[in-house]
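Report on the structure given below.
In what follows, chains are A, B, ... by sequence order, proteins preceding strands, each numbered from 1.
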Amino acid sequence: KAGVTQTPRYLIKTRGQQVTLSCSPISGHRSVSWYQQTPGQGLQFLFEYFSETQRNKGNFPGRFSGRQFSNSRSEMNVSTLELGDSALYLCASSLEPTTNEKLFFGSGTQLSVL
Amino acid sequence: QKEVEQDPGPLSVPEGAIVSLNCTYSNSAFQYFMWYRQYSRKGPELLMYTYSSGNKEDGRFTAQVDKSSKYISLFIRDSQPSDSATYLCAMTPYSSASKIIFGSGTRLSIRP
């Protein structure tokens, strides 16, 4: 069974640009969460989607947005990139939202903003 | 002050040693406690999951939760070089997968 797939693995952008990251959950998983990981702040929750609906959102500015498609695949978008957005963006999937013990992470997308 | 505090290390121990990793937290509402292992350039993988207080053992790994002291620990027995990784504690008040609060991670190195 394939794991959580995130594309691209690496991305280099400049300030002011926008970026879209993609996540394909494990087959059969319907819940997708996004996290930002930086050396200074660690792992921080961005948002969670289930059945194409955003269930929860973390404390990030509106420049960070996401969506989920009917096949459970998810994308997140960051507009007007800032240097501080450089981070590893991790996607995690689970069967249902109420299963935090069965949360599987992808390898992440490493975003560098120059 | 962060909700979850974790010593970033790095921690270096010889192969075969017992490793003790710890986290403290401030939110008494936390009910679900987890330990994740993260290898370089990989996403975190769940090692241990505990609900409320007590101990849980899985092979060489033991997780302890002391809610009265707001303190959790992970012990690794007979440590192996393959255990070298960053270990993240995590916790949440909810059974939901969302809004899990992670510690900053402890970088562990096992010397052969």
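Neither the backbone nor the side chain of A/Gln6 comes within less than 4.5 Å of any heavy atom in chain B. Only the side chain of B/Gln38 comes within contact range of chain A, with at least one heavy atom under 4.5 Å from a heavy atom of that chain. Heavy atoms closer than 4.5 Å to chain B are found in the side chain of A/Leu88, but not in its backbone. At a 4.5 Å heavy-atom cutoff, B/Ile101 makes no contact with chain A through either its backbone or its side chain. Contacts between A/Tyr49 and chain B at a heavy-atom distance below 4.5 Å are absent for every atom of the residue.
In the hydrophobic clustering of this structure, A/Phe104 does not group with A/Val32; members are Ile, Leu, Val, Met, Phe, Trp, Tyr whose side-chain heavy atoms approach within less than 4.5 Å, directly or through other members. A/Leu21 and A/Phe60 fall within a single hydrophobic cluster, where Ile, Leu, Val, Met, Phe, Trp and Tyr are joined by side-chain heavy atoms under 4.5 Å apart, directly or via other members. Criterion: ILVMFWY side-chain heavy atoms under 4.5 Å apart, direct or through other members. Under it, A/Phe50 and B/Tyr94 are not part of a common hydrophobic cluster. In the hydrophobic cluster analysis, where Ile, Leu, Val, Met, Phe, Trp and Tyr join through side-chain heavy atoms closer than 4.5 angstrom, B/Tyr36 is grouped apart from B/Leu108.
Taking each heavy atom of B/Gly43 and A/Leu90 in turn, the nearest pair found is CA-CD2, 3.9 Å. Here the closest heavy-atom approach between residue B/Arg41 and residue A/Arg9 is recorded as O-NH2, 3.1 Å.
You'll find the ring centres of B/Phe102 and A/Tyr35 inside the 6.0 Å limit.
The environment of A/Arg73 atom CZ is dense: over 12 non-hydrogen atoms of other residues, nucleotides or ligands sit within 6.0 angstrom. Within 6.0 Å of the CZ atom in A/Arg15, the count of heavy atoms belonging to other residues, nucleotides or ligands does not exceed 12. Counting non-hydrogen atoms of other residues, nucleotides and ligands closer than 6.0 Å to NZ of B/Lys42 gives a total of 12 or fewer.
Taking CD1 of B/Ile100 as the reference point, atom CD of A/Gln44 lies at 14.0 Å (rounded to 0.5 Å).
Annotation: side chain of A/Leu103 is not in contact with side chain of B/Tyr49 (no heavy-atom distance under 4.5 Å).
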